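Here's the structure, in structure tokens; my notes come after.
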2 protein chains.
Amino acid sequence: MKMTIKEIAKLAGVSQATVSKIINNYDDVGAKTKERVLGIMEEYGYRPSYAAQSLVKKVTKVVGVIYAGKINANFNHPFFVDVMSMFKKTMGAEGYDLLFFSNEKFHKNNENYLARCQHYNVDGCIIIGGDEVEPSVYELDQSEIPCIGIDLPLSGKHSGYIMTDNAKISALAVEHFYLLGERNIAFIGGKKTSNISSERLHGFREVMKTYGLPVNEEWIKHGDFFEESGFGAMKELLEQENCPEAVFAASDLMAMGAVRAIKQSGRKIEDFAVIGCDDITASRYIDPPLTTVKQDKDKIGKMAAYVLKDMINNQIEQTSVRVEPELIIRESCSEKKRQIR
Amino acid sequence: MKMTIKEIAKLAGVSQATVSKIINNYDDVGAKTKERVLGIMEEYGYRPSYAAQSLVKKVTKVVGVIYAGKINANFNHPFFVDVMSMFKKTMGAEGYDLLFFSNEKFHKNNENYLARCQHYNVDGCIIIGGDEVEPSVYELDQSEIPCIGIDLPLSGKHSGYIMTDNAKISALAVEHFYLLGERNIAFIGGKKTSNISSERLHGFREVMKTYGLPVNEEWIKHGDFFEESGFGAMKELLEQENCPEAVFAASDLMAMGAVRAIKQSGRKIEDFAVIGCDDITASRYIDPPLTTVKQDKDKIGKMAAYVLKDMINNQIEQTSVRVEPELIIRESCSEKKRQIR
DNA sequence: CGTATTTACGAAATCGATTTCGTAAAAAGT
DNA sequence: ACTTTTTACGAAATCGATTTCGTAAATACG
């Protein structure tokens, strides 16, 4: 049976106020009274109602989680799964629970994120990168509610974002290709409207320029960060008369798709060099083990939690952090080819 | 600015009651009044407060998500990620949001799941399989709150569970080995206390008996469903004088670990036959592509949502469903070996 | 021992909704 | 035109907490 504060009070022979004070650690309660009430609360398994509490208090100890963009996209993307896992753990250590907003009905009713946050009175929220900044995200970004974007640049006064240094990601990949002697380099990115994708593409162009390498516009492809799109992009690349031998894909999943396309086309995978991005768990086990630019998912998740908590508790303003990527060399940029040359 | 029902009422020149009735689609409100109030609500972006609503109503349209067992374990296990993804989508279509309980602080304070569910007044909850049935899970199971266990057998009056037919999983794997001529078959399961693991082990023993195959107790190993544990188990297997050539691992991740151990030991992977379980996305891309017993993750997620909704809305009692596994043949049970023999 | 402080507690307002029940006005019936 | 029914709306109680402010009793002070 679910107990209320009133019943506990009656049982203990005190007023609601006294019980409430005990719950909230006020110091004007006698020691013996406190002990007795605590005993009763324990005995009946009493828990204060979240609804009643959050109605009167400001704080809910709940943060909202929003997967922006296409319905449910990214919920099962390995990169975001890992980031969220660490975020959840870090927030959990501070007693926060996570409310994942569903957005199916949501889109139908044309509701907005801000309204939902207000409805639940969340203390803050985290928005997982969509492919573009929707008006609804912008509205939330500009609101009073503390928000952290993951792979999504938020600019509001009470917002911030965490993401890897995207230009550097491309730099690391291209540099590796360059040192390996690769000159014909293709780029498979995410949606054109995606911020991180365009940062990576921009970084790609910059570093190519630095190395004096020409950028073939035919070799710039756009996917959606998932496997299938990498497969499709690579297939198109392979159909071209002059086909690149080096491919940098902006996600490991797309890189895996590219590898699959190469294999399926009947060509030898050893004749290609492919670099992915993210360093998802699977990338070490696939064939060939994927050379990739690692994103520090644990750090991203942790930083998101730290910054968000700081905003909630200390009213910190606009904080954003860029985390360093790292090149992980495995075997998808075969040396054989170059040895033959 | 966050509006309250009182302010909307004042703005519209009506009472709170009328506004509330409009929100809840009562039919005793005049057409023009309704329209006017709706307009004002729209204009000011008014959303009723969840706290106030759930305080007085019974329904919250929120379901709790609990990862039982070790802190945060399973949150990022590919199998559960896929199941949850579909569960979230299906519940979302009905307007439910998902509250993921953190359990870090939780364990410290020795709080229990039931208390948390009551605190948030969730309509129901889903419990993701832990390695054992903790007292706290049992308590929730036996409560009035509708609960669905995923890979966790719940027995309460208002509970149910969804899981694959575990005995059949083992049967499919062993049958495949048998037809391939394998006779020395090892089993790598999850924790001994894990229900699904023991069901699979039991099924394994049964089917081995059916085929007249002896079960070597030295070849029964226990991991934790993650990669590292499969690696460790296989390593132990390889160190034995008489080492099995066929290995059925109760998860793809452990199968991947086993493959890694075999490779690392210097033996040829072609000399071994390994079958995994789950059919996670990665299993098709690894080297060698993994033969596995597929669990229908989409169906599991969907069924969990359907049954839970049914329990919430129609007070259905104890419903459990077993879903059929399916053998997916890829290349980790090489034919070469047998051709040589 | 009388006065001044503390200490320990409760009455009541409040948070933002829902819902019951009563009633004035409008519509329908005869 | 008068009664009956329907329609449209509001007053007030309620949900389960928190918090302010007031006060009686206990303790300290001189």
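Residue numbers start from 1 in every chain, and the chains themselves are labelled A, B, ... in the order their sequence lines are given, proteins ahead of strands. Computed from a predicted structure; not experimentally measured.
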**Prompt:** Closer to the 5' end of DNA chain D via nearest nucleotide, is it B:V14 or A:S49?
**Reply:** B:V14
**Request:** Using whole Å, report how far NZ of A:K21 lies from C1' of C:dT7.
**Result:** 11 Å
**Request:** Please find the earliest and latest nucleotides of DNA chain D, in the 5' to 3' direction, that have an atom within less than 4.0 Å of any heavy atom of chain B.
**Result:** D:dA8 to D:dG16
**Asked** Which part of the nucleic acid, if any, lies within contact of B:T4, taking any heavy atom under 4.0 Å across all strands shown: a base, the sugar-phosphate backbone alone, or nothing?
**Response** sugar-phosphate
**Request:** Could you check whether B:Y46 gets within reach of a base, just the sugar-phosphate, or nothing at all, counting any heavy atom under 4.0 Å?
**Result:** sugar-phosphate
**Request:** For A:S320, check side chain to side chain donor-acceptor pair (under 3.5 Å) against everything at least two apart and list the hits.
**Result:** A:Q318
**Request:** Evaluate side-chain hydrogen bond (donor to acceptor under 3.5 Å, both in side chains) for A:K57 paired with A:N24, printing each intermediate quantity in order.
**Result:** CA-CA 11 Å; A:K57 286 177 154 180; A:N24 295 284; 3.1 Å; yes
**Item:** Upstream residue (5' side of DNA chain C) when A:T33 and B:K6 are each assigned their closest nucleotide
**Value:** A:T33
Can you give the donor-acceptor pairs under 3.5 Å from side chains of residues 300-315 of chain A to other protein atoms, not counting sequence neighbours?
residue, atom, partner, partner atom, Å
A:D310, OD1, A:N314, ND2, 2.6
A:N313, ND2, A:K309, O, 3.1

**Message:** Cation-pi check for B:F75 against A:K88: NZ or CZ below 6.0 Å from the six-membered ring centre and within 45 degrees of the axis, yes or no?
**Reply:** yes
**Message:** Ring centres under 6.0 Å, that's the criterion: do B:F79 and B:F225 meet it?
**Reply:** no
**Request:** Could you tell me how the ring of A:H77 sits relative to the ring of A:F226: parallel (under 30°), tilted (30 to 60°) or perpendicular (over 60°)?
**Result:** perpendicular
**Message:** With nearest nucleotide decided by heavy atoms, which residue, B:V56 or A:D27, maps closer to the 5′ end of DNA chain C?
**Reply:** A:D27
